[in-house]
Amino acid sequence: QVQLVESGGGLVQPSGSLRLSCAASGRTFSRGVMAWFRQAPGKEREFVAAIRWSDSTTVYADSVKGRFTISRDNAKNTVYLQMNSMKPEDTAVYYCAATFTYFSDPLPRAPAAFSLWGQGTQVTVSS
C-alpha cells in the first residue's frame with residue numbers, strides 16, 4: 001500500500017523559513033507528479049506547487065512564486081517544500097499529493113488530478 005507521510009510543520013514567525021517533507025512508502029516514484037496543496041480554515045484547498053518526478057520540472061502558484069521551492073530526492077523517495085519569507089497568509093494545513101500518471105506540460109494544479117494524499121501538517125505563521 002502506497003502512503004505519503006508529511007513532516008516539518010510548526011509555528012514560524014513572519015519572514016521566517018520552514019521546510020516540509022513528504023516521504024512516499026510502498027512504491028518507488030519514477031514518473032508521475034507530486035504536489036503540495038494547502039487549506040486554511042473556511043477556505044478551499046489551494047494548489048501551492050508541483051514537480052514532475054522524471055525531470056524535476058516545477059510549477060508554482062503565483063502567491064508563493066519566488067518564496068517557496070519544491071524539490072525531490074530520488075534516493076529517499078521524498079519531496080520537499082522549502083518555504084522562505086513566510087507570511088501570516090501562508091498559515092494552513094499543508095498536504096502532499098501524488099499521481100503516478102505522467103503529465104506533459106502544463107503540470108496539473110487541480111486536486112482531482114491527484115489520487116494519493118498525505119494526512120496534512122499544520123503550518124502557522126505568527127509573531
Side-chain angles (χ1 to χ4, degrees):
Q1 183 177 356
V2 183
Q3 288 187 318
L4 301 178
V5 179
E6 301 105 331
S7 60
L11 174 65
V12 62
Q13 293 187 340
S15 76
S17 298
L18 208 59
R19 189 177 81 156
L20 305 182
S21 300
C22 174
S25 63
R27 180 170 175 173
T28 299
F29 275 89
S30 59
R31 55 184 288 127
V33 178
M34 293 187 76
W36 289 95
F37 289 79
R38 67 187 182 186
Q39 189 166 18
K43 295 188 175 181
E44 293 188 353
R45 192 163 297 190
E46 173 189 31
F47 171 79
V48 176
I51 185 167
R52 185 163 55 212
W53 200 262
S54 59
D55 62 3
S56 292
T57 296
T58 59
V59 63
Y60 297 91
D62 288 344
S63 58
V64 307
K65 198 174 296 182
R67 300 187 299 120
F68 291 10
T69 302
I70 187 171
S71 62
R72 59 118 167 93
D73 185 325
N74 280 1
K76 296 182 178 180
N77 221 28
T78 298
V79 66
Y80 303 98
L81 185 68
Q82 177 66 43
M83 305 184 289
N84 299 327
S85 303
M86 297 188 71
K87 306 174 181 180
E89 50 263 43
D90 294 323
T91 296
V93 177
Y94 282 70
Y95 296 90
C96 176
T99 174
F100 297 105
T101 300
Y102 177 83
F103 282 88
S104 58
D105 296 337
L107 297 185
R109 297 175 180 240
F114 297 88
S115 57
L116 191 62
W117 291 84
Q119 81 285 356
T121 185
Q122 176 69 47
V123 172
T124 303
V125 185
S126 175
S127 55

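Every heavy atom of this structure was used, including side-chain atoms; hydrogens, water molecules and symmetry mates were not.
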Do any pairs count as a disulfide (SG to SG under 2.5 Å) and have a residue in residues 58-114, sequence neighbours left out, and if so which ones? Cys22-Cys96
I'd like to know if the side chain of Tyr102 pairs up with that of Arg31 as donor and acceptor (distance under 3.5 Å, no hydrogens or angles considered). no
We want to know whether Thr78 and Asp73 form a side-chain donor-acceptor pair, criterion being a heavy-atom distance below 3.5 angstrom. no
Can you tell me how far apart [atom1] ([X]) and [atom2] ([Y]) are? Round to the nearest 0.5 Å.
X: Ile70; Y: Met83; atom1: CD1; atom2: CE; result: 11.5 Å
X: Asn84; Y: Gln82; atom1: CG; atom2: CD; result: 4.5 Å
X: Leu20; Y: Phe68; atom1: CG; atom2: CZ; result: 8.5 Å
X: Ser15; Y: Lys87; atom1: OG; atom2: NZ; result: 11.5 Å
X: Leu4; Y: Gln119; atom1: CG; atom2: CD; result: 9.0 Å
X: Met34; Y: Ser71; atom1: CE; atom2: OG; result: 11.0 Å

How about [X] and [Y]: do any of their side-chain heavy atoms sit closer than 4.5 Å?
X: Leu18; Y: Val123; value: yes
X: Ser25; Y: Gln1; value: no
X: Gln122; Y: Thr91; value: yes
X: Tyr80; Y: Thr69; value: no

For the side chain of [X] and the backbone of [Y], is there at least one donor-acceptor N/O pair under 3.5 Å apart?
X: Arg72; Y: Trp53; value: yes
X: Asn77; Y: Arg27; value: yes
X: Glu6; Y: Gly120; value: yes

Minimum heavy-atom distance [X]-[Y], with the two atoms named:
X: Ala40; Y: Ala92; result: N-CB, 3.8 Å
X: Val64; Y: Val48; result: CG2-O, 3.5 Å
X: Ser63; Y: Arg38; result: OG-NH2, 3.5 Å
X: Ser126; Y: Pro14; result: C-CD, 3.6 Å

Considering residues, nucleotides and ligands other than Glu44, do more than 12 of their heavy atoms fall under 6.0 Å from its CD? no
Could you tell me whether Arg52 and Asp55 have a side-chain N and a carboxylate O separated by less than 4.0 Å? yes
When clusters are formed from ILVMFWY side-chain contacts under 4.5 Å, directly or step by step, what else is grouped with Leu107? Val33, Phe37, Phe47, Val59, Val93, Tyr95, Phe103, Phe114, Trp117
